[in-house]
K.L.:
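Pasting in a structure now, in C-alpha cells, and then I'll have a few things to ask.
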Protein chains: 2
Amino acid sequence: MLAKVYVTLKNGVLDPQGKAIQHAAGSIGYQGIADVRQGKYFEVKLADGIDTAQAQAEIEKFAHDVLSNPVIEDYRVEIG
Amino acid sequence: MLAKVYVTLKNGVLDPQGKAIQHAAGSIGYQGIADVRQGKYFEVKLADGIDTAQAQAEIEKFAHDVLSNPVIEDYRVEIG
C-alpha cells in the first residue's frame with residue numbers, strides 16, 4: 001500500500017526558497033510565474049498485511065509527528 | 001491559476017534522505033513503514049490573464065528546465 005504525504009508551509013509563513021525560485025524565474029524570462037511556494041512530498045510504502053484503518057492511523061501519526069513541523073507546516077495524506 | 005508540480009527521483013536512483021527517514025521511523029516504533037522516498041512539491045501561481053494553453057506550456061518548460069533535474073528526476077504537473 002502506498003501513501004503520499006504532501007507537506008506545505010502554512011499560509012503566512014515566509015518561504016525564502018520559493019521567493020528565490022520566483023525571482024530567478026523572472027530574471028531568466030519566465031513572465032508567467034507570479035509566485036512559487038516550495039513544499040515536500042513523500043511516498044511512503046506501508047508494510048504488507050497491515051489493514052487499511054491501521055495504515056491510515058499510522059501514516060497520519062507519522063506525517064504529523066515526523067514528516068512535518070505542525071507549528072509552521074500543514075500536511076495532507078493520500079492513501080491509494 | 002495555480003499549478004502543482006511534483007518532482008520525484010527516478011526509479012533506481014538512490015534516495016539516502018528517504019532511507020534515513022525510513023530507518024528513523026523503524027527505530028522509534030513505526031512498524032508499518034516499509035519504505036520512504038522523498039520528493040519535492042511546488043505550488044506555482046501563474047500570472048493573471050495568461051491563457052490556459054500558454055500557462056501549460058510555460059509551466060511544463062519551467063518544471064523541466066528549472067524545478068527538476070531530468071537526468072535523475074521525474075516531474076508531474078497539475079493545473080487546476
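This structure is a prediction, so every number in the text was calculated from the model and none was measured.
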K.L.:
Taking a hydrophobic cluster as the set of Ile, Leu, Val, Met, Phe, Trp and Tyr residues connected by side-chain heavy atoms closer than 4.5 Å, whether directly or through intermediates, do B:Val71 and B:Leu9 fall within one such cluster?
P.N.:
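Both belong to a single hydrophobic cluster.
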
K.L.:
About how many Å separate CG of B:Leu67 and CD1 of B:Ile59, when rounded to the nearest 0.5 Å?
P.N.:
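One finds 6.5 Å between CD1 of B:Ile59 and CG of B:Leu67.
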
K.L.:
Between B:Gly49, B:Ala25, B:Ala34, which residue shows the highest count of heavy-atom pairs closer than 4.5 Å to chain A?
P.N.:
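Among B:Gly49, B:Ala25, B:Ala34, the one with the most close pairs to chain A is B:Ala34.
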
K.L.:
Taking every non-hydrogen pair under 4.5 Å, which of B:Val7, B:Ile50, B:Ile21, B:Val5 racks up the most with chain A?
P.N.:
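Greatest number of close heavy-atom pairs with chain A: B:Ile21.
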
K.L.:
Contact part of A:Ala55 toward chain B, heavy-atom cut-off under 4.5 Å: side chain, backbone, both or neither?
P.N.:
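No part of it gets close to chain B.
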
K.L.:
Between these two chains, chain B and chain A, I want each donor-acceptor atom pair under 3.5 angstrom written on its own line with its distance.
P.N.:
{"unit_1": "B:Gln31", "atom_1": "N", "unit_2": "A:Glu58", "atom_2": "OE2", "d": "3.2"}
{"unit_1": "B:Gly32", "atom_1": "N", "unit_2": "A:Glu58", "atom_2": "OE2", "d": "2.7"}
{"unit_1": "B:Gly32", "atom_1": "O", "unit_2": "A:Ala47", "atom_2": "N", "d": "2.7"}
{"unit_1": "B:Ala34", "atom_1": "N", "unit_2": "A:Lys45", "atom_2": "O", "d": "2.7"}
{"unit_1": "B:Asp35", "atom_1": "N", "unit_2": "A:Lys45", "atom_2": "O", "d": "3.1"}
{"unit_1": "B:Asp35", "atom_1": "O", "unit_2": "A:Lys45", "atom_2": "N", "d": "2.7"}
{"unit_1": "B:Arg37", "atom_1": "N", "unit_2": "A:Glu43", "atom_2": "O", "d": "2.8"}
{"unit_1": "B:Arg37", "atom_1": "O", "unit_2": "A:Glu43", "atom_2": "N", "d": "2.8"}
{"unit_1": "B:Gly39", "atom_1": "N", "unit_2": "A:Tyr41", "atom_2": "O", "d": "2.6"}
{"unit_1": "B:Gly39", "atom_1": "O", "unit_2": "A:Tyr41", "atom_2": "N", "d": "3.3"}
{"unit_1": "B:Tyr41", "atom_1": "N", "unit_2": "A:Gly39", "atom_2": "O", "d": "3.3"}
{"unit_1": "B:Tyr41", "atom_1": "O", "unit_2": "A:Gly39", "atom_2": "N", "d": "2.6"}
{"unit_1": "B:Glu43", "atom_1": "N", "unit_2": "A:Arg37", "atom_2": "O", "d": "2.8"}
{"unit_1": "B:Glu43", "atom_1": "O", "unit_2": "A:Arg37", "atom_2": "N", "d": "2.8"}
{"unit_1": "B:Lys45", "atom_1": "N", "unit_2": "A:Asp35", "atom_2": "O", "d": "2.7"}
{"unit_1": "B:Lys45", "atom_1": "O", "unit_2": "A:Ala34", "atom_2": "N", "d": "2.7"}
{"unit_1": "B:Lys45", "atom_1": "O", "unit_2": "A:Asp35", "atom_2": "N", "d": "3.1"}
{"unit_1": "B:Ala47", "atom_1": "N", "unit_2": "A:Gly32", "atom_2": "O", "d": "2.7"}
{"unit_1": "B:Glu58", "atom_1": "OE2", "unit_2": "A:Gln31", "atom_2": "N", "d": "3.2"}
{"unit_1": "B:Glu58", "atom_1": "OE2", "unit_2": "A:Gly32", "atom_2": "N", "d": "2.7"}

K.L.:
Using non-hydrogen atoms and a 4.5 Å limit, figure out which bit of A:Val36 sits close to chain B: side chain, backbone, both or neither.
P.N.:
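For A:Val36, the contact with chain B is made by backbone and side chain together.
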
K.L.:
Where on B:Val44 is there a heavy atom nearer than 4.5 Å to chain A: the side chain, the backbone, both, or neither?
P.N.:
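Both the backbone and the side chain of B:Val44 come within 4.5 Å of chain A.
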
K.L.:
Heavy-atom cut-off 4.5 Å, strictly under: side chain, backbone, both or neither for B:Ile33 against chain A?
P.N.:
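Both the backbone and the side chain of B:Ile33 come within 4.5 Å of chain A.
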
K.L.:
Under a 4.5 Å heavy-atom cut-off, does chain A meet the side chain of B:Ile28, its backbone, both or neither?
P.N.:
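Interface part for B:Ile28: side chain.
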
